[in-house]
Amino acid sequence: MESLCLDQSSYKEDEAWAIVAITFPHLFTPFERRCAERTIKDSWPEAWEKIFGTVLAPGESREKDRRSFEQQHAGDWIVISAITSDHEKGFVEVVATMGGRRGPGTEERRFLVPAEEYRVGRFGFVIDEDRHPIYSGPSSFVGWNG
C-alpha cells in the first residue's frame, strides 16, 4: 500500500483510513474491510488493480467511471448549474460548459431543457444540442451575466 501513502509520514485524506484497513485487515471487522475495499476502488482504482492484479470493470470504481464519462463527453456541453425557469414554464434553465469544466475563462452557455426530461445522471446531464436550444432570454439565475 505504500503507493497509496500521501506522503512519507501521514495519511491526510478522508479516504486514507482504507489504506490502513487493507494493510492490517485483522484489526477491522468484515464490514469495515468491505468499506475499505470500496473506498480504495473508488478513490485509487489504478492502485487497486496493481496491488490485486485485476482490472476493474465499468461500475466497479466511481473514479474510473468518472474519468470514462469525462473522456467520452469532453466535447459535449455538460450542465454545471440548473434552476426551474420562472420565464419558460415547463423548462429547466441550465448553465453548461464544454466537458463540464469549471474555472476562469471557461465558456458558459445557457440552455432550456424540458423539466420532465431533466434528470441528472451519475456524473451530470449531457446537453443534446439538437433538442436543447441555447437560451438567451431572461434568466432565473440571480446574477447571470452571460
Side-chain angles (χ1 to χ4, degrees), residues 1-85 90-136 139-146:
M1 285 296 160
E2 187 174 335
S3 64
L4 294 180
C5 186
L6 303 174
D7 67 30
Q8 295 302 315
S9 63
S10 66
Y11 300 100
K12 295 180 181 177
E13 299 297 324
D14 291 343
E15 299 89 359
W17 73 272
I19 299 168
V20 178
I22 295 295
T23 305
F24 303 102
H26 62 284
L27 299 175
F28 294 84
T29 67
F31 174 75
E32 291 166 333
R33 290 191 303 268
R34 284 192 308 274
C35 290
E37 289 175 7
R38 167 60 35 219
T39 298
I40 291 175
K41 287 177 181 179
D42 284 342
S43 301
W44 303 289
E46 291 82 8
W48 176 271
E49 291 173 339
K50 185 175 180 181
I51 291 164
F52 293 99
T54 185
V55 175
L56 295 169
E60 291 187 308
S61 168
R62 180 172 175 80
E63 176 63 16
K64 199 170 177 181
D65 291 348
R66 182 190 60 77
R67 289 183 207 151
S68 177
F69 176 88
E70 288 176 354
Q71 183 178 29
Q72 180 181 358
H73 295 289
D76 295 326
W77 293 95
I78 308 292
V79 173
I80 62 168
S81 189
I83 191 169
T84 300
S85 178
F91 285 88
V92 176
E93 179 185 350
V94 303
V95 175
T97 63
M98 191 61 66
R101 289 181 289 281
R102 297 172 185 257
T106 303
E107 179 185 0
E108 296 180 343
R109 290 187 185 171
R110 289 185 298 149
F111 295 86
L112 286 178
V113 177
E116 68 274 359
E117 182 181 332
Y118 185 73
R119 299 291 177 269
V120 179
R122 189 170 183 200
F123 302 107
F125 184 89
V126 179
I127 293 295
D128 180 341
E129 292 183 84
D130 294 330
R131 292 187 6 263
H132 307 132
I134 291 176
Y135 180 63
S136 58
S139 182
S140 297
F141 286 104
V142 174
W144 171 258
N145 60 12

Original post:
Got Thr97 and Glu107 here, is their nearest side-chain heavy-atom distance under 4.5 Å?
Top reply: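 They are not in side-chain contact.
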
**OP:** For the residue pair Val94 and Arg110, establish whether any side-chain heavy-atom pair is separated by less than 4.5 Å.
**Re:**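 Not touching, per the 4.5 Å side-chain cut-off.
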
Using 0.5 Å steps for rounding, measure from the [atom1] atom of [X] to the [atom2] atom of [Y].
X      : Y      : atom1 : atom2 : result
His132 : Phe125 : NE2   : CZ    : 4.0 Å
Tyr135 : Phe91  : OH    : CZ    : 10.5 Å
Phe111 : Ser136 : CZ    : OG    : 11.5 Å
Thr106 : Met98  : OG1   : CE    : 11.0 Å
Thr84  : Glu93  : OG1   : CD    : 10.0 Å

For [X] and [Y], work out which heavy atoms get closest and say how close.
X      : Y     : result
Glu37  : Ile22 : CG-CD1, 3.6 Å
Val92  : Ala82 : CG1-CB, 3.8 Å
Ala21  : Ala36 : CB-CB, 3.5 Å
Ser61  : Leu56 : CB-CD1, 3.9 Å
Pro58  : Asp65 : CA-OD1, 3.6 Å
Gly100 : Ile80 : O-CG2, 3.9 Å

Subject >> Geometric class of the Trp48/Phe52 ring pair [parallel <30°, tilted 30-60°, perpendicular >60°] >> reply: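 Tilted: the ring planes of Phe52 and Trp48 meet at 30° to 60°.
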
Original post:
Any Lys/Arg nitrogen of Glu46 or Lys64 sitting under 4.0 Å from an Asp/Glu carboxylate oxygen of the other?
Top reply: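 So Glu46 does not pair with Lys64 through a salt bridge.
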
Subject >> Carboxylate-amine/guanidinium contact Glu117 Arg119, below 4.0 Å >> reply: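 Looking at Arg119 together with Glu117, the answer is no, because their closest N to O distance does not fall below 4.0 Å.
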
Original post:
Among Val79, Ile134, Asp76, which one satisfies side-chain contact (heavy atoms from CB on, under 4.5 Å) with Ile127?
Top reply: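 Of the listed residues Val79, Ile134, Asp76, the side-chain contact (heavy atoms from CB on, under 4.5 Å) partner of Ile127 is Val79.
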
Original post:
Is a donor on one side and an acceptor on the other found under 3.5 Å between the side chain of Asp42 and the backbone of Glu63?
Top reply: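 Side chain of Asp42 to backbone of Glu63, a donor-acceptor pair under 3.5 Å: no, none is there.
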
Subject >> Arg33 side-chain N/O to Phe28 backbone N/O, donor-acceptor pair under 3.5 Å >> reply: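 Yes; at least one donor-acceptor contact below 3.5 Å.
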
**OP:** Would you mind telling me which of Arg67, Arg66, Gln72 makes a side chain to side chain donor-acceptor pair (under 3.5 Å) with Glu70?
**Re:**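 Only one option passes, and that is Arg66.
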
Subject >> Residue pair Arg109, Val95: steps toward the side chain to side chain contact (heavy atoms under 4.5 Å, CB included) verdict >> reply: CA-CA 6 Å; Arg109 290 187 185 171; Val95 175; over 6 Å; no

Original post:
Given the rule in the side chain to side chain contact (heavy atoms under 4.5 Å, CB included) test, do Phe123 and Ser68 qualify, once you have shown the distances and angles that lead to the verdict?
Top reply: CA-CA 10 Å; Phe123 302 107; Ser68 177; over 6 Å; no

**OP:** Check step by step if side-chain hydrogen bond (donor to acceptor under 3.5 Å, both in side chains) holds for Thr29 and Glu32.
**Re:** CA-CA 5 Å; Thr29 67; Glu32 291 166 333; 3.3 Å; yes

Original post:
Passes side chain to side chain contact (heavy atoms under 4.5 Å, CB included), Arg62 versus Lys41? Steps please.
Top reply: CA-CA 8 Å; Arg62 180 172 175 80; Lys41 287 177 181 179; over 6 Å; no

